[in-house]
There are 4 protein chains.
Amino acid sequence: MLAGMSRRPLTTPRKHASQERSRATVDALVEATARLLVREGFDKASTNRIAQEAGVSVGSLYQYYPSKEALVAAVIDRHNGELMQVVRAALVEVASLPIEKALRRLVATAIDAHRVDPKLHRVLAEQIPRTGRLEKIATFNREYFVLFRDFLESHRGELRAVDLELATFVCVTSIEALTHTAVLHRSEMLSDERAATLVDEATRLMVRYLR
Amino acid sequence: MLAGMSRRPLTTPRKHASQERSRATVDALVEATARLLVREGFDKASTNRIAQEAGVSVGSLYQYYPSKEALVAAVIDRHNGELMQVVRAALVEVASLPIEKALRRLVATAIDAHRVDPKLHRVLAEQIPRTGRLEKIATFNREYFVLFRDFLESHRGELRAVDLELATFVCVTSIEALTHTAVLHRSEMLSDERAATLVDEATRLMVRYLR
Amino acid sequence: MLAGMSRRPLTTPRKHASQERSRATVDALVEATARLLVREGFDKASTNRIAQEAGVSVGSLYQYYPSKEALVAAVIDRHNGELMQVVRAALVEVASLPIEKALRRLVATAIDAHRVDPKLHRVLAEQIPRTGRLEKIATFNREYFVLFRDFLESHRGELRAVDLELATFVCVTSIEALTHTAVLHRSEMLSDERAATLVDEATRLMVRYLR
Amino acid sequence: MLAGMSRRPLTTPRKHASQERSRATVDALVEATARLLVREGFDKASTNRIAQEAGVSVGSLYQYYPSKEALVAAVIDRHNGELMQVVRAALVEVASLPIEKALRRLVATAIDAHRVDPKLHRVLAEQIPRTGRLEKIATFNREYFVLFRDFLESHRGELRAVDLELATFVCVTSIEALTHTAVLHRSEMLSDERAATLVDEATRLMVRYLR
DNA sequence: TATGAATGAGACTTCATTCAT
DNA sequence: TATGAATGAAGTCTCATTCAT
């Protein structure tokens, strides 16, 4: 569907690094990649530089990852994992709350999630499309989507009549955009005094729309 | 704010191409860049290939643009210009309508704007961060922002008490995200039957939030 | 048919180098490749080294040849061309001679042909299989084969009853092997005094076989 | 004689593998090398892959062979040994036959010898020059040469007056070339019906030449 | 002795950019 | 001013070989 996207480099790890020594190498590589991505951006993060930053030889890098893309993919996966953990926990916690309280909590959580490692988040958000991780992102989003849909379903009683699918799309997309933009491009909005207001507004947006 | 971004290549055109012939060359170059960006992606769109596609020598390319980035920047500017034209027209047209009708119209326009050249839009959206065009985008957004704020201001009477700045942020960000996502990742939502529903929902989201 | 031979690198030149300057570059590259092949062998003749030897940048090398293999292929083609010229000339010259005189002359010519650039010939003979030039070699051999067959045909009267195809195979293969081996591995056989003896023997081999 | 061939890697095995376990490892390595050479070609047959194919660690590989070349050399030696066994047996068997019968038998045997493992034979024939095994090959050929010379000597009575040295060169080279080419490049000549004809012709070539 | 993780020189190749014509 | 040949830094990746465990 995307033009010119044939022959994308492999993005799956090569070995699963059973021994302890290798495990350390793999971790160092992913960590180094994340660091360089933040510090220098995708283009400047060459495999040689990554290996160097990880204190490892290029050869070792290629022992575990077949390409730079695979390494970035690993960083993405790790980051997504962390985000989803936060999100999942929040959704569980919130399941039994009345919808307004619940949504407020979810918005706040979304902001927190974006704060996990905002610089990394930004680079990844920019680079994801180039890494063949669209699917994984889709996966990520789909999981969020499904969980949120379940959440709405279990609060059916408090909602107006609405196509849940559509409502989920509207809410998830809006929350994501608002929190993402606020964290990455409008950090002044998240000062101690003003953060609450933003949460208020986002919550109001959702609540009024859904009720 | 972005780390390690010093020494960014120049991104302003070299001459202003007053003569007719030059004008044609410049146009051909920008057009060729856009075409290749869509067809091959940023990385594969080399300056040599762009020159070839434009039917011009590389030498000439560098006569008019000091770098590849400058060329991409030109494409971005052109694209943004087209978008803003659509948006501006809509805002003018809508100025005197009651808020619900107005918002419905604006949402529909946002979708149309994204449809101007969706594939190009997607590539640009992905590449913008790498081109130092963040500022220009900010500029773009700021103009939209200001216009929308004015729009809200002139409909003050129909709104609840609300910080206009904040409301603008919420609305602009949400509309942008909903239309962008729908067009780029959920094209099935824009089939003839379903498009109206999406517009309905987005409108409802805004209206309920603002009133 | 050969195992593991999929995805062979391209072996056709990239441009045809019309301008004089490029022509010189291309020539220098082929020449340098031949030189290095002789001096260092295939494996040590890296593209960077070839470019250096040619007094040209690697970039230029890749402007004209898509791979090292293509360069070697060019050398092979050039060498084959030279050989065939010698061989063709001899066959024409010999057409009307009685078969013994003719064969003697052809054997002597084959030795001469191998002497054109024996070291290069050796390296190429060794490297040909790896270059996807088997076809070209086949072509080369086929031309020789056809010419020799015609030669036999036109001397039909002097031959015993024999399958011409088969006789051609036997003669061409033997002459080639004898001259190749003598030149490359038994140069002592080609000293002034002994060369004539070798030609005698080879001629006798053919004549007795054919008559 | 070959230029630039100094500093060739070691090509002799490291230990003589007295113990049984070692013997098995060594065998597995040589066997694996032969298999990979056939399946993937010389370049793709990396030492790591060979070790893996042999079910042994790279470390162990280097315990027994000091270099990749040494491994290939071992394969060549093994292959040559097998060939020589066939050839030696034939020469013994043939010693007392009249020359025509004997030569027919030797030609047939040469074809058989090439059929022992034609794919391996081809790869080795191509790779030998790169392995410093030229000497060994020379050795191989020299043994064949000497045996054949002895054969001719013992049939002196049936021959015309001829320099035995030279006659041996002519015969050995021609037979080798004819059988090698037929097996590797003209397999259609060895179909059940046609093989006999080829043997006939080759025999005739020799007999007429020698008598 | 065996293992296999680690090494790192070096191979191939691309492409933004320059410059002689 | 236009051309396109030339440049060469830099990037990705492989693989023979070593060495700590």
Side-chain angles (χ1 to χ4, degrees), chain A residues 9-10 15 17-26 43-52 55-69, chain B residues 9 15 19 21-22 25 43-52 56-71, chain C residues 9 15 17-26 43-52 55-69 71, chain D residues 9 15 19 21-22 25 43-52 56-71:
Chain A
L10 295 179
K15 303 186 179 181
S18 45
Q19 294 185 14
E20 202 187 340
R21 180 124 165 267
S22 3
R23 186 72 224 149
T25 300
V26 165
D43 290 333
K44 294 244 186 82
S46 72
T47 47
N48 276 299
R49 254 164 106 26
I50 291 173
Q52 189 185 31
V56 146
S57 68
V58 221
S60 290
L61 185 157
Y62 280 94
Q63 195 119 74
Y64 296 105
Y65 293 95
S67 69
K68 182 178 164 181
E69 321 280 322
Chain B
K15 334 182 163 181
Q19 290 151 38
R21 176 112 166 277
S22 318
T25 302
D43 290 334
K44 294 242 188 85
S46 73
T47 48
N48 278 291
R49 245 154 118 18
I50 290 173
Q52 187 185 34
V56 149
S57 68
V58 222
S60 293
L61 184 157
Y62 278 89
Q63 203 99 65
Y64 293 107
Y65 292 94
S67 71
K68 181 180 171 181
E69 320 282 321
L71 222 24
Chain C
K15 304 186 177 179
S18 45
Q19 294 184 16
E20 203 187 341
R21 181 125 165 266
S22 3
R23 187 71 225 150
T25 301
V26 166
D43 290 334
K44 293 244 186 82
S46 73
T47 48
N48 276 297
R49 253 164 107 27
I50 290 173
Q52 188 185 31
V56 146
S57 69
V58 223
S60 290
L61 186 158
Y62 280 94
Q63 194 117 73
Y64 296 106
Y65 293 94
S67 69
K68 180 179 165 182
E69 321 280 323
L71 226 21
Chain D
K15 335 183 165 180
Q19 288 151 38
R21 175 111 166 276
S22 317
T25 302
D43 290 334
K44 294 242 187 82
S46 73
T47 48
N48 278 293
R49 247 156 116 19
I50 290 173
Q52 188 186 33
V56 148
S57 69
V58 222
S60 292
L61 185 158
Y62 278 90
Q63 202 100 66
Y64 293 106
Y65 291 94
S67 71
K68 182 179 170 181
E69 318 282 322
L71 223 23

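Just so it is clear: chains get the letters A, B, ... in the order the sequence lines come, proteins before strands, and each one is counted from 1.
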Measure CG/D/Leu71 against C1'/F/dT17 and give the value in whole Å, please.
13 Å
d(CG, A/Asp43; C1', F/dG11) in whole Å
11 Å
Test item: side-chain donor near acceptor, D/Ser22 and D/Tyr64, under 3.5 Å
yes
Side chain of C/Ser46: nearest nucleotide among F/dC13, F/dA16, E/dC12?
E/dC12
Quick note, D/Val58 side chain, CB onward, closest among E/dA2, E/dG4, F/dA2 is E/dG4
Backbone N or O of B/Gln63 within a donor-acceptor pair of the B/Ser60 side chain at under 3.5 Å?
no
Using the side-chain heavy atoms of A/Ser57, tell me which of these nucleotides is nearest: F/dT12, E/dT7, E/dA16.
E/dT7
Rounding to an integer number of Å, can you tell me how far C/Gln52 CD sits from E/dT13 P?
18 Å
Does F/dC19 have a Watson-Crick or wobble partner in any strand here, with both distances under 3.5 angstrom, and which is it?
E/dG4
Here's a test of your reading of the structure: between B/Ala45 and B/Gly59, which maps to the more 5' nucleotide of DNA chain E?
B/Ala45
F/dA9 -> Watson-Crick or G-U wobble partner, both distances under 3.5 Å, gives E/dT14
The side chain of A/Lys68 is closest to which nucleotide in this list: F/dT12, E/dA16, E/dT13?
F/dT12
Using a 4.0 Å heavy-atom cut-off, does B/Ser60 contact any base of the nucleic acid, only the sugar-phosphate backbone, or nothing at all?
base
Can you tell me how far apart CG (D/Leu71) and CG (D/Leu61) are? Round to the nearest 0.5 Å.
5.0 Å
Can you work out whether C/Tyr62 or A/Val56 has the more 5'-proximal nearest nucleotide on DNA chain E?
A/Val56
Checking F/dT17, F/dA6, E/dA2 against the side chain of C/Ser22 (C-beta onward), the nearest is F/dA6
